[in-house]
Amino acid sequence: MSKLTPPLPKFLRPAPPRPSEKEPTPDIGEPNGKPGRADKLRESAGEGGAQVIGWLDERTGTSPFLRGFLFRKVPKGTNWFYSLGSATMFAFVSQAVTGVFLAMYYNPDATRAYESASYITNEVFAGELVRGMHKWGSTVMIVLLFLHMARTFVFGAYKYPRELNWVIGVVLLVLTLAMGLTGYLLPFDQRSYWATIVAVNLNASAPLIGPFLADFLRGGAEFSSVTITRFYALHMLLIPGLIAALIGAHLYLVAKLGTTAPPWLRAEKKELTKEEI
Amino acid sequence: MSKLTPPLPKFLRPAPPRPSEKEPTPDIGEPNGKPGRADKLRESAGEGGAQVIGWLDERTGTSPFLRGFLFRKVPKGTNWFYSLGSATMFAFVSQAVTGVFLAMYYNPDATRAYESASYITNEVFAGELVRGMHKWGSTVMIVLLFLHMARTFVFGAYKYPRELNWVIGVVLLVLTLAMGLTGYLLPFDQRSYWATIVAVNLNASAPLIGPFLADFLRGGAEFSSVTITRFYALHMLLIPGLIAALIGAHLYLVAKLGTTAPPWLRAEKKELTKEEI
Amino acid sequence: MAENRSDKNRKPRYTADRGMPGAFEGETVTRRGFMTGGALAAGGIASAAFALPALGFALAPMFTDGTVDRWQDVGPESDFNPTAYVPKVINTDPGVGEAGKATIYVRKFDPESDKPSPSDGGSDPIPYVVLSTRCVHLGCPVRYYQAPKRFVCPCHGGIYDFQGKVDGGPPVRPLDRFEARVTNGRVEVGERFSVNSELRRFSPRDPSNHLDGLWQYLYPARPST
Amino acid sequence: MAENRSDKNRKPRYTADRGMPGAFEGETVTRRGFMTGGALAAGGIASAAFALPALGFALAPMFTDGTVDRWQDVGPESDFNPTAYVPKVINTDPGVGEAGKATIYVRKFDPESDKPSPSDGGSDPIPYVVLSTRCVHLGCPVRYYQAPKRFVCPCHGGIYDFQGKVDGGPPVRPLDRFEARVTNGRVEVGERFSVNSELRRFSPRDPSNHLDGLWQYLYPARPST
């Protein structure tokens, strides 16, 4: 501000306009007739929505990020195989949502678990559907995960500078399989029970750490009332928390490093270079 | 590349150096004697660590972010009150960790809940301590949250452009109180039971939506075996998931918009401006 | 004309008129717009396909009938009289152990003093007055004292008279009642129901729900009851 | 000298020598470095204060004695003979309902054929041979067939002979056994224990843990047993 003329005290000066309050640039010409009522409504509704979005955008600065993310350049040759990663994530989200709702009825007690699972299936509205989605969705997720991994491997998308993302993906694979293992016990029928016994004893067969690993999973030396709550806690809290965090890191790296072109296009490019010579 | 001289085929050319493999700039002079063994070890260990960090940094690009985050400029007058937000988050993390471990033993069944809570307290190693941390930690978190909110209000840090962060904070407050409410039922003693009955009926007293809200919380018209699993699912999955996501948004906005100076410094600045005139 | 005006003020209707390269004649939607819309619609349908059943699954208990259609024996007729309440324990949900047990107060119906009777339209009055101990303020258990013939709630001091009507404190309507009948000389207790201050009968409601005057429309019944 | 060399090659030891403004004499750590270190140390201590007990809480079952010190009656002595196994059901954990029940096979000890006996050092041999049905391959339940006098596991075809020793298939050691004693003419079953191929006695181990030769050191016992 000028220091020559004594200015008004600050509280008397008009506030500088906030960015959102600037005069709207009149890109819509003055209407030459009275606007129709419907038009006016539509316009003000649109403006209201734009104002809300503008208000949010001004405070969060998401629009440059969103523009960069949604309209980013992708390599030539990007095809349907590139959607396998998103599909896997969608499967995870579906598992998370159905899982939260199943937890509202499920009871991780050795004497009540089977009963509550059958209550979900037979009594609750849409229970069979939701439990089925969770059960078959787990298989779908693992199939999609392996397909996504195969795509990455075959297209060579694990190479520099994407090694770290491959490593994170492998950890996600292991965690997803651990979800399958811990979830298998929860219906607590004969199949669940014996499959878990066998799986825990497989863990016990590792030299040196095996017995400790099995004891950790069982919560003691024998399969007891603690085992099923422990599997439930791993299935609901520990492993999904880790998976969600690692999916975040995985996506961050994908957004940062971009995707690769399919190998056949890279080969074409190489040949083009040779022909140019 | 030059198109005049025929270059080697690509696979015969030496690979261009990766950024991490560039010659290290010799800021350490050539040693004039043979380096001592311990020194050498120390140096190579340091270099190894630096290489791992460099490898990660090259692929993730975290160091500019970290530098910006850790060495950002804060306003003059930033004081201990500004740590209340971090303290609240630390309390949440502590609740999450102890909660995951408590879930390994807790059984959300009306006939077993009290038994498993008393098993945790009396039988498991450090159980009294961990359950105590979770119980008292919830109070600590709510106290810290209110202090953080009071700091924000008194310092005027909710004003433009931080209104959205205040709104998110208020939602976090409500969700944290909901955690307190849902967690209170879980030990399932007389106090928990009647407090929850009263709380659910308080919800039922809202006109129009009240009865539906109460039915949603109870999982039916009467307090039944579904009520406690439902409270457990809300306490463990739905509400903590929302809180974690909103804490992320809250922190993003804090990092983006920065912190405010205390009001007395802003007042000083105003006076300075006047004096300058 | 409004049509002309909006044509003038907005983008041209046809993509060809906007000077887009490769536009087809008569094309009104850009291909990018179409793809975006299609992707959003497909994503929306896919999300709804799993989110809606899951939501219905979680919210279903709000819309299901919670009443239990069974009669529980509480003792022979000789246990009860019209001048004093006798506490009895019934089981509202066998699945939750101790928490499923509820105390009720039972006495014989007295045609002289019990007017009006909360009967179901034109049917006979219920032969026994069976009161729930759930305080209709916030659900704490009330206790009956014989000397003043009053029910008192320990939580916030609600007081009910001998008929279960509000006599003081915060409760919003009389104590809930239960159906009762006599079979082979034994008293049996059935479904819960709520009453308003005139003892008019309503479907079972939560404590804290008013049932008088216009209030009854602000606290709707469960859909299936 | 190494000291001189490192002084020359690294940053000067004193902050004053590095030309820092406001450095004190003899100061070796910058104030920023000290604050950073202090904050990290305080944060580390605070995190450890809640993370370590929580971890111990979660991992404690790995280090606690899982054996149950109680004797369960399985029937009178007249039920059993040395030539055939009789199946009996005991309860290993009453808290888990059906899942806590386990079948065991019991027969009388035969001093002629049962050599060596898995006795505890110099004590008397256990008067009854009580075999666990838990296959030591991966924990499936084995079944006894009288005709071939063999135990067969349905999961992966493990076969054990009349003494419980491995006769074929993947199992790594003989079937686990239980302590047994006779009290007032009734047979009582006690703690589980494991044996290796020479029937030497070990603390109870998981299935799939080898106990012969050097293997036994690769599969440690639980710390408290």
Side-chain angles (χ1 to χ4, degrees), chain A residues 1 3 6-7 9-11 18-19 55-56 58-62 96 99-113 115-116 119 124 160-165 219 225-226 228-234 236-238 240-241 244-245 248-249 252-253 256-257 270 273-274 276-277, chain B residues 1 3 6-7 9-11 18-19 55-56 58-62 96 99-113 115-116 119 124 160-165 219 225-226 228-234 236-238 240-241 244-245 248-249 252-253 256-257 270 273-274 276-277:
Chain A
M1 75 197 74
K3 289 194 180 179
K10 197 167 184 183
F11 63 92
R18 290 177 183 172
W55 189 91
L56 286 175
E58 187 186 331
R59 281 149 187 88
T60 58
T62 41
V100 167
F101 289 135
L102 285 171
M104 289 185 177
Y105 298 94
Y106 177 73
N107 206 328
D109 178 51
T111 57
R112 299 290 303 268
E115 204 181 307
S116 66
Y119 176 77
V124 190
Y160 177 84
R162 294 183 187 81
E163 300 103 313
L164 186 63
N165 225 10
S225 52
V226 173
I228 189 163
T229 53
R230 186 167 279 250
F231 269 63
Y232 191 49
L234 292 175
M236 277 193 318
L237 297 170
L238 200 59
Y252 166 77
L253 285 180
K256 180 162 184 70
L257 302 173
K270 239 180 232 168
T273 319
K274 275 184 196 164
E276 271 172 24
I277 296 161
Chain B
M1 74 196 70
K3 287 192 180 178
K10 197 168 183 182
F11 62 91
R18 291 177 182 174
W55 190 91
L56 286 175
E58 189 187 330
R59 279 148 188 89
T60 58
T62 42
V100 168
F101 290 133
L102 285 170
M104 289 185 175
Y105 298 93
Y106 177 72
N107 205 327
D109 178 52
T111 58
R112 298 290 303 269
E115 205 182 306
S116 66
Y119 176 77
V124 190
Y160 177 84
R162 295 183 186 80
E163 300 103 316
L164 185 63
N165 224 8
S225 53
V226 173
I228 188 163
T229 54
R230 186 167 278 250
F231 269 62
Y232 190 50
L234 293 175
M236 275 194 319
L237 297 171
L238 201 60
Y252 166 78
L253 285 180
K256 178 158 184 70
L257 302 172
K270 240 181 232 170
T273 319
K274 276 186 195 165
E276 272 171 24
I277 296 160

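Throughout, protein chains are lettered first and strands after them, A, B, ... in sequence-line order, and every chain is numbered starting at 1. Values reported hereafter were calculated over all heavy atoms of this structure, with side chains retained and with hydrogens, waters and symmetry mates removed.
Arg112(B) approaches Ser225(A) most closely through the heavy-atom pair NH2-CB, 4.0 Å.
Rounded to the nearest 0.5 Å, atoms OH (Tyr232(B)) and CG (Asn107(B)) are 8.5 Å apart.
Side-chain atoms of Arg59(B) do not come within 3.5 Å of backbone N or O of Glu163(A) as any donor-acceptor pair.
Leu102(B) does not touch chain A: none of its heavy atoms, backbone or side chain, sits under 4.5 Å away. Contacts of Tyr106(A) with chain B are made by backbone atoms alone, with heavy-atom separations under 4.5 Å and no side-chain atom involved. Heavy atoms closer than 4.5 Å to chain A are found in both the backbone and the side chain of Leu164(B). Leu234(A) touches chain B through its side chain: at least one heavy atom from C-beta onward sits under 4.5 Å away, while N, CA, C and O do not. For Leu253(A), the part sitting under 4.5 Å from any heavy atom of chain B is the side chain, from C-beta outward, and nothing else.
Phe231(B) pairs by the ring-ring contact (aromatic ring centres under 6.0 Å, His included) definition with nothing, not counting sequence neighbours. For Val226(A), the side chain to side chain contact (heavy atoms under 4.5 Å, CB included) partners are Ser224(A), Thr229(A), Arg230(A), Tyr105(B), Tyr119(B), not counting sequence neighbours.
In terms of non-hydrogen atom pairs under 4.5 Å with chain A, the most contact-rich of Leu56(B), Ile228(B), Asn165(B), Thr60(B) is Thr60(B). Taking chain A as the reference chain and counting heavy-atom pairs below 4.5 Å, the highest number among Gly61(B), Gly219(B), Ala96(B) is found for Gly61(B). Put simply, of Ala244(A), Pro161(A), Pro240(A), the one with the most heavy-atom pairs under 4.5 Å next to chain B is Pro161(A).
Inter-residue side-chain proximity for Met236(A) and Leu237(B) is flagged as met; some heavy-atom pair is nearer than 4.5 Å.
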